[in-house]
Protein chains: 2
Amino acid sequence: MDSKYISIYHEILAKIEDGEMAAGSKLPSETEMISEYGVSRDTIRKALHLLEQNGYIQRIQGKGSFVLDINKLSFPVSGLTSFKELAQKMTEPCLTLVKELEKIPADEFTREQLKLPEQAEVWKTVRVRQIGGKKIILDKDFLDARYVPELTQAICEDSIYEHLETKLGLKIGFAQKEVTVQQATQEDKKYLDFENYNMVVVVKNYTYLEDMTLFQYTESRHRPDKFKFVGFARRS
Amino acid sequence: MDSKYISIYHEILAKIEDGEMAAGSKLPSETEMISEYGVSRDTIRKALHLLEQNGYIQRIQGKGSFVLDINKLSFPVSGLTSFKELAQKMTEPCLTLVKELEKIPADEFTREQLKLPEQAEVWKTVRVRQIGGKKIILDKDFLDARYVPELTQAICEDSIYEHLETKLGLKIGFAQKEVTVQQATQEDKKYLDFENYNMVVVVKNYTYLEDMTLFQYTESRHRPDKFKFVGFARRS
DNA sequence: TAGTGGTCTAGACCACTGG
DNA sequence: CAGTGGTCTAGACCACTAA
């Protein structure tokens with residue numbers, strides 16, 4: 001059960017994404033929305049504030065709220081979005097190939113990444129993401145086995161995130177990301193269709209639960225020509 | 001004159017960045033802050049919400065607000081931060097070399113990027129960013145001359161953003177960013193210390209004013225080994 | 001149970017925009 | 001001037017956590 005302002009947020013967002021509210025057009029004023037939705041001004045403002053934060057509208061004092069035309073086609077790799085969620089918005093066919101999947105004692109590297117004690121266990125999985133018939137992305141995931149007791153090939157082929165959130169009830173809070181460009185390794189060239197590129201875009205991702213527990217480390221290795229990061233930023 | 005919640009935000013932020021509030025420690029409860037700052041609960045909550053959005057704290061229902069230890073050393077290239085603001089947080093000496101600076105009629109490429117009419121004029125500037133003695137970044141800026149009537153070499157060496165915001169009173173609203181990896185051009189190799197790298201990280205940046213006017217297009221071209229993008233993301 | 005943050009309401013005043 | 005969004009207040013109730 002969503003709160004009122006979340007529901008209103010989704011309602012307006014749907015209108016924007018459906019094109020019912022055209023880019024550049026003016027939203028109803030707060031006063032109008034109060035009677036339209038039958039809620040208090042604060043509730044409306046929370047919904048509008050969310051839309052603004054996520055780059056869908058721009059609010060201008062004395063004028064009103066206006067629909068932005070960005071964030072339409074471009075998929076935002078910024079934010080916390082799973083590959084499955086991205087793939088669903090893409091037109092090209094996507095496929096996930098599970099290359100490795102095992103529960104292992106955490107080695108030194110993994111313990112350091114996930115800040116684990118000795119003798120901790122982790123799930124390790126290596127997956128290749130195929131987009132439009134080409135093997136483009138190599139995903140290496142390490143999950144703290146205390147929070148993820150079981151992991152199957154079917155889950156890895158579908159969506160780990162979805163499994164964590166819906167089946168295990170884990171609440172994902174935030175993530176720290178780091179994007180760098182490195183020399184491609186033999187592993188990159190072995191798993192991906194690399195076509196003479198010698199560099200790889202590495203996206204490191206540290207995922208935390210709502211209670212601030214670090215439970216996942218992911219390394220996404222992209223073929224450089226296929227990598228594109230689209231973001232939206234507001235001036236603080 | 002900042003609003004109350006912005007002041008309180010900065011006050012708490014200062015305590016976090018100074019280490020007065022250690023990472024992992026618990027902030028005073030909302031009730032305590034109400035009497036501490038003598039404001040209403042809503043005002044406190046606005047400040048805390050800002051801290052949470054920007055990745056400084058994590059709020060947990062029933063428990064309290066806790067200081068996160070990320071966003072400390074790593075400088076966030078995400079968000080809307082000028083090179084000067086970044087440089088001030090870095091230890092290595094930074095230098096900006098202005099290679100080009102002229103007001104020109106917008107060519108077709110520029111008109112398309114900035115959605116300009118024919119016969120519009122733009123300020124074009126090409127700058128090399130030197131960090132730790134190495135020429136690392138090539139910045140190409142195009143600014144709509146209707147909003148930026150004058151631009152000097154001194155301004156470009158210091159900070160264009162600062163000039164726009166303080167001298168011209170332009171209010172920057174948001175930006176759309178795009179990061180890709182491309183083949184390095186002759187221009188890249190001519191201006192930068194490229195050391196046999198054949199690829200370049202290209203950060204395209206479209207900057208809008210608060211009234212949604214697109215007025216600046218920037219292309220930052222980074223040597224791949226020196227590029228690092230650090231971000232913080234929350235789950236929606 | 002007491003204390004925490006999350007949601008919602010109602011009302012006030014201010015700053016900015018446009019006619 | 002009327003209409004817009006921005007800030008601030010005071011109070012209510014709920015959901016969750018910990019002892």
Side-chain angles (χ1 to χ4, degrees), chain A residues 1-12 21 24-53 56-68 169-174 209-213 234-236, chain B residues 1-12 21 24-53 56-68 169-174 209-213 234-236:
Chain A
M1 179 52 190
D2 275 348
S3 50
K4 286 189 190 177
Y5 79 92
I6 296 286
S7 305
I8 296 174
Y9 165 76
H10 285 302
E11 221 167 297
I12 300 173
M21 313 286 277
S25 67
K26 186 172 164 300
L27 264 65
S29 71
E30 295 180 354
T31 325
E32 289 173 282
M33 290 194 180
I34 287 171
S35 41
E36 182 181 343
Y37 292 98
V39 296
S40 74
R41 187 177 171 211
D42 198 51
T43 302
I44 293 291
R45 285 178 61 78
K46 274 188 201 148
L48 293 175
H49 194 243
L50 250 188
L51 287 164
E52 182 174 40
Q53 290 287 25
Y56 294 105
I57 66 172
Q58 177 75 0
R59 316 195 67 202
I60 305 178
Q61 189 172 105
K63 285 189 179 176
S65 302
F66 300 86
V67 180
L68 294 177
L170 292 180
K171 286 176 186 167
I172 293 164
F174 56 92
L209 298 175
E210 268 190 350
D211 67 356
M212 303 191 294
T213 317
R234 286 199 173 274
R235 182 74 169 156
S236 68
Chain B
M1 177 52 189
D2 276 348
S3 49
K4 284 190 191 176
Y5 78 94
I6 297 285
S7 305
I8 295 174
Y9 165 77
H10 285 304
E11 222 168 295
I12 301 173
M21 314 284 281
S25 67
K26 185 174 164 299
L27 265 65
S29 72
E30 295 181 354
T31 324
E32 289 173 282
M33 289 192 179
I34 288 171
S35 42
E36 181 181 344
Y37 291 98
V39 296
S40 74
R41 188 179 169 209
D42 198 52
T43 302
I44 293 292
R45 283 178 62 77
K46 273 189 201 146
L48 294 176
H49 193 242
L50 251 188
L51 287 164
E52 182 174 40
Q53 290 288 25
Y56 294 105
I57 67 172
Q58 176 75 3
R59 318 194 66 200
I60 305 178
Q61 189 172 114
K63 285 187 178 177
S65 302
F66 300 86
V67 180
L68 295 176
L170 293 179
K171 285 177 187 167
I172 292 165
F174 55 91
L209 298 175
E210 268 189 352
D211 67 357
M212 304 190 296
T213 318
R234 286 198 174 273
R235 183 72 168 159
S236 68

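Both backbone and side-chain heavy atoms feed into the values below; hydrogens, waters and symmetry mates do not. Since this is a predicted model, take the numbers as computed values, not measurements.
Following rounding to the nearest Å, A/Glu210 (CD) and D/dA15 (P) show an atom-to-atom distance of 16 Å. Remark: P of C/dC13 and CD of A/Glu30 are 18 Å apart, rounded to the nearest angstrom. Between the CZ atom of A/Arg59 and the P atom of C/dT17 there is a distance of 15 Å, given to the nearest Å. The CG atom of B/Leu48 sits 13 Å away from the P atom of C/dT4 (whole-angstrom rounding). Counting to the nearest Å, the P atom of C/dG3 and the CZ atom of B/Phe66 are 16 Å from each other. As rounded to whole Å, 15 Å separates atom P of C/dT17 from atom NZ of A/Lys26. Rounded to an integer number of Å, the gap from B/Leu27 CG to C/dG3 C1' is 16 Å.
Applying the 4.0 Å criterion to OP1 and OP2 of C/dG3, one finds that B/Thr31 has every side-chain N and O outside that range. Listed pair B/Ser29 / C/dT4 meets the phosphate criterion, a side-chain N or O lying under 4.0 Å from OP1 or OP2.
Crowding of B/Lys26 atom NZ: a count of heavy atoms from other residues, nucleotides or ligands under 6.0 Å exceeding 12.
When B/Leu68, B/Leu48, B/Ile12 are each tested for a side-chain contact (heavy atoms from CB on, under 4.5 Å) with B/Ile57, only one passes: B/Leu48.
Listed by chain and number, the residues in a side chain to side chain donor-acceptor pair (under 3.5 Å) with B/Arg45 are B/Glu30 (sequence neighbours excluded). Here A/Tyr5 pairs with nothing under the side chain to side chain donor-acceptor pair (under 3.5 Å) rule; sequence neighbours left out. With sequence neighbours excluded, no residue forms a side chain to side chain donor-acceptor pair (under 3.5 Å) with B/Tyr37.
The shortest distance between side-chain heavy atoms of B/Glu52 and B/Arg234 falls below 4.5 Å. Looking only at side-chain heavy atoms (C-beta outward), A/Pro28 and A/Met21 come within less than 4.5 Å of each other. Side-chain contact between A/Met33 and A/Leu27: present, with at least one pair of heavy atoms (C-beta onward) separated by less than 4.5 Å.
What you find for A/Leu209 and A/Phe174 is that their closest heavy atoms are O-CE2, 4.3 Å. For the residue pair A/Ala47 and A/Ile8, the shortest heavy atom distance occurs at CB-CG2, 3.8 Å.
Between the A/Gln58 side chain and the B/Asp211 main chain, no donor and acceptor come within less than 3.5 Å of each other.
Overall, the helix from C/dT1-D/dA18 to C/dG18-D/dC1 carries an axis bend of 10° between its ends, with five pairs at each end and the value rounded to 10°.
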Can you check nucleotides 16-18 of chain D for protein contacts, nitrogen or oxygen pairs under 3.5 Å, and list what you find?
| residue | atom | partner | partner atom | Å |
| --- | --- | --- | --- | --- |
| D/dC16 | O4' | B/Gln61 | OE1 | 2.8 |
| D/dA18 | OP1 | B/Lys63 | NZ | 3.4 |

Pairs under 3.5 angstrom, nitrogen or oxygen only, protein versus nucleotides 7-10 of chain D, please.
| residue | atom | partner | partner atom | Å |
| --- | --- | --- | --- | --- |
| D/dT7 | OP1 | B/Tyr5 | OH | 3.2 |
| D/dT7 | OP2 | B/Tyr5 | OH | 3.3 |
| D/dT7 | O4 | A/Arg41 | NH1 | 3.2 |
| D/dC8 | OP1 | B/Lys4 | N | 2.5 |
| D/dC8 | OP2 | B/Tyr5 | N | 3.4 |
| D/dC8 | O3' | B/Lys4 | NZ | 3.3 |
| D/dT9 | OP1 | B/Lys4 | NZ | 2.8 |
| D/dT9 | OP2 | B/Ser40 | N | 2.7 |
| D/dT9 | OP2 | B/Ser40 | OG | 2.9 |
| D/dT9 | OP2 | B/Thr43 | OG1 | 2.7 |

